[in-house]
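What follows is one structure encoded as structure tokens, with my remarks underneath.
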Amino acid sequence: QVQLVESGGGLVQAGASLELSCVASGGTFRSFTMGWFRQAPGKEREFVAAIKLSSGHTYYANSVKGRNTVAGDKAKNTVYLQMNNLKPEDTAVYYCAADSHLIQSSIRDPDQYDYWGQGTQVTVSA
């Protein structure tokens, strides 16, 4: 049974940085696509970034491109999301997601991911 556990959220001021981690267990993840999504109160869950662990290819939402970096450590079954120059509009619960059979056109669609973590809160004050 695949399990994903996020950590690293917190309360920071605008302009600060945070690194989120997602540890995966219960499977073999070398061919998985690992995604990061976020959901703010009253809003739909939205794509942030993703990485295909087999190739290392990364994908970003336009809203975070240039500020966020997603990376994976296959040996540790861990994916990271480095977030720099955080803004108040980045405030949300951040979720890690995983799937083994995603095609490129589906990477930004949360409905295509089979496995989800419990989320970690990121709050950015002005």
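From a predicted model like this one, the values you see are computed outputs, not experimental measurements.
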Residues T91 and E89: side-chain donor-acceptor under 3.5 angstrom = no

Using a distance-only test with no angle check, is there a side-chain donor-acceptor pair under 3.5 angstrom linking D99 and T33?
-> no

Any pair with a residue in residues 84-112 that passes ring-ring contact (aromatic ring centres under 6.0 Å, His included), sequence neighbours left out, goes on the list, sorted by first then second residue, please.
-> none

Tell me, which pairs form a ring-ring contact (aromatic ring centres under 6.0 Å, His included) where one or both residues lie in residues 66-87, sequence neighbours left out?
-> none

Specify the closest pair of heavy atoms between [X] and [Y], including all atoms of both residues, with the distance to one decimal.
X   : Y   : answer
S21 : T78 : CB-CG2, 4.5 Å
C22 : L4  : SG-CB, 4.0 Å
A40 : A92 : N-CB, 3.8 Å

S17 side chain reached by Q82 side chain, heavy atoms, under 4.5 Å = yes

Using a 4.5 Å cut-off on heavy atoms from C-beta on, say whether the side chain of N84 contacts that of N68.
-> no

Results of ring-ring contact (aromatic ring centres under 6.0 Å, His included) for F37 - residues two or more places apart only = F47, Y113, W116

How many angstroms lie between atom [atom1] of [X] and atom [atom2] of [Y], to the nearest 0.5 angstrom?
X    : Y    : atom1 : atom2 : result
Q13  : T123 : CD    : OG1   : 13.0 Å
W36  : L81  : CH2   : CG    : 6.0 Å
S54  : F32  : OG    : CZ    : 11.5 Å
L18  : M83  : CG    : CE    : 5.0 Å
D114 : L102 : CG    : CG    : 8.0 Å
R38  : S63  : CZ    : OG    : 4.5 Å

Under the side chain to side chain contact (heavy atoms under 4.5 Å, CB included) rule, collect the residues that match up with T58, sequence neighbours excluded.
-> I51, Y60, V70

Are V93 and Y115 in one and the same hydrophobic cluster, where Ile, Leu, Val, Met, Phe, Trp and Tyr link if side-chain heavy atoms are under 4.5 Å apart?
-> no

If you look only at pairs with a residue in residues 6-24, which of them pass as a salt bridge (Lys or Arg N to Asp or Glu O under 4.0 Å), with sequence neighbours excluded?
-> none

Would a distance-only check, ignoring hydrogens and angles, find a side-chain to backbone donor-acceptor pair under 3.5 Å from [X] to [Y]?
X    : Y    : value
R67  : N85  : yes
R108 : Q104 : no
D109 : S106 : no

By salt bridge (charged side-chain N to carboxylate O under 4.0 Å, His left out), R30 pairs with (sequence neighbours left out) none

Evaluate side-chain contact (heavy atoms from CB on, under 4.5 Å) for V122 paired with L20, printing each intermediate quantity in order.
-> CA-CA 9 Å; V122 172; L20 306 183; 4.1 Å; yes

